[in-house]
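As structure tokens, the structure follows; a few thoughts come after it.
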Amino acid sequence: MIKTGKKLVGLLLSLVMSFAVTMTAFAAEPQVTQDEREYLIVNGTDIVHVGEDYENPDTGEYVHWNADARGVDKSFTFKIRYSVTSSSFTVHSNKVTISADAQVEDLYGNILSGYNGHKYTVSLIGLYYRNLQFEVGGTQSGTISGLNNGGSYKVQVTNNDYLSDTTYLVGSGTVSTS
């Protein structure tokens with residue numbers, strides 16, 4: 001009986017050790033997953049995935065991409081100091097109209113006067129940049145033609161003029177099929 005008990009304890013101990021080694025080996029294997037989601041780059045450094053809003057609590061900057069806008073290829077709102085570039089999206093014509101409206105605000109969201117004429121650029125990026133220069137002070141629009149219907153493009157909004165560390169370019173824009 002003692003011999004059977006030793007065999008049973010030995011068998012159980014062997015089974016437990018085998019299970020522990022298997023679990024350790026499994027836990028030690030790194031789990032690598034590839035993130036295939038499209039992304040956008042904010043101010044050249046931060047990566048934000050499509051459908052996600054970018055918020056920087058340290059600087060107060062943000063970009064909100066509206067994926068549900070009807071009748072437009074791309075719709076967005078922004079609060080930036082320098083620039084933002086979107087991820088790729090598809091245009092549904094060989095010509096689009098880009099509309100944008102922006103103002104200069106302080107840290108607390110107050111619109112600052114004296115910035116009418118402050119320049120910013122909205123670019124459509126495909127094989128090369130197609131730029132439309134806008135000014136603060138109302139909604140402006142422009143048309144870009146010669147596009148590849150069904151082609152992939154990006155939008156970039158760039159602040160062209162100097163802003164202090166406590167002011168932002170705040171606005172919205174759309175890329176619509178013409």
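The structure displayed is predicted, hence computed values, not measured ones.
Through side-chain heavy atoms spaced under 4.5 Å, either directly or across other Ile, Leu, Val, Met, Phe, Trp or Tyr residues, Y162 is tied to no other residue.
Rounded to the nearest 0.5 Å, atoms OG (S164) and CG (D106) are 9.5 Å apart. To the nearest 0.5 Å, the span separating OG1 on T167 from CG on N110 amounts to 12.5 Å. Here CZ of R130 is found 6.5 Å from CG of L124. Values are rounded to the nearest 0.5 Å. The structure places CG of L132 at 4.5 Å from CZ of F134, a figure rounded to the nearest 0.5 Å. To the nearest 0.5 Å, the span separating CG on N116 from CD on Q103 amounts to 10.5 Å. To the nearest 0.5 Å, the span separating CD1 on I144 from CG on N131 amounts to 7.5 Å.
Residues meeting the side-chain hydrogen bond (donor to acceptor under 3.5 Å, both in side chains) test with T174, sequence neighbours left out: none. Judged as a side-chain hydrogen bond (donor to acceptor under 3.5 Å, both in side chains), and not counting sequence neighbours, S93 has no contacts. Looking at residues two or more places apart in sequence or on another chain, you find no side-chain hydrogen bond (donor to acceptor under 3.5 Å, both in side chains) involving Y120. Applying the side-chain hydrogen bond (donor to acceptor under 3.5 Å, both in side chains) rule to N159 yields the partners H118; only residues at least two apart in sequence or on another chain are considered. Under the salt bridge (charged side-chain N to carboxylate O under 4.0 Å, His left out) criterion, K95 pairs with no residue, sequence neighbours left out.
Between Q140 and D101, every side-chain heavy-atom pair lies at or beyond the 4.5 Å cut-off. Considering only heavy atoms from C-beta on, V155 comes within 4.5 Å of F89 through its side chain. Between V96 and T143, the closest side-chain pair of non-hydrogen atoms is not below 4.5 Å. The shortest side-chain heavy-atom distance between L107 and Y168 falls under the 4.5 Å cut-off. Between V175 and Y153 there is no side-chain heavy-atom pair separated by less than 4.5 Å. H64 is not listed as a side-chain neighbour of F76, based on a closest heavy-atom distance of 4.5 Å or more.
Nearest heavy atoms, S141 versus T97: CB-CG2, 4.1 Å. The nearest pair of heavy atoms linking V122 to A100 is CG2-CB, 4.1 Å.
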T177 and V91: CA distance, side-chain angles, deciding distance, side-chain contact (heavy atoms from CB on, under 4.5 Å) verdict: CA-CA 7 Å; T177 301; V91 297; over 6 Å; no

Working for side-chain contact (heavy atoms from CB on, under 4.5 Å), residues V104 and V170: CA-CA 6 Å; V104 176; V170 179; over 6 Å; no

Under the criterion side-chain contact (heavy atoms from CB on, under 4.5 Å), I'd like the reasoning laid out for N160 against Q133: C-alpha separation, chi angles, the key distance, then a yes or no. CA-CA 9 Å; N160 294 7; Q133 187 160 316; 3.6 Å; yes

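Linking ILVMFWY side-chain heavy atoms closer than 4.5 Å, directly or via other members, places Y108 and I111 in two distinct hydrophobic clusters. No single ILVMFWY cluster, assembled from side-chain heavy atoms under 4.5 Å apart, contains both I125 and I80.
A donor-acceptor contact shorter than 3.5 Å links the side chain of R81 to the backbone of D165. Not a single donor-acceptor pair under 3.5 Å links the side chain of N94 to the backbone N or O of G146.
For T121 and S123, the side-chain atoms include no donor-acceptor pair closer than 3.5 Å.
No more than 12 heavy atoms of other residues, nucleotides or ligands lie within 6.0 Å of CG in L127, so this atom counts as exposed by the packing criterion.
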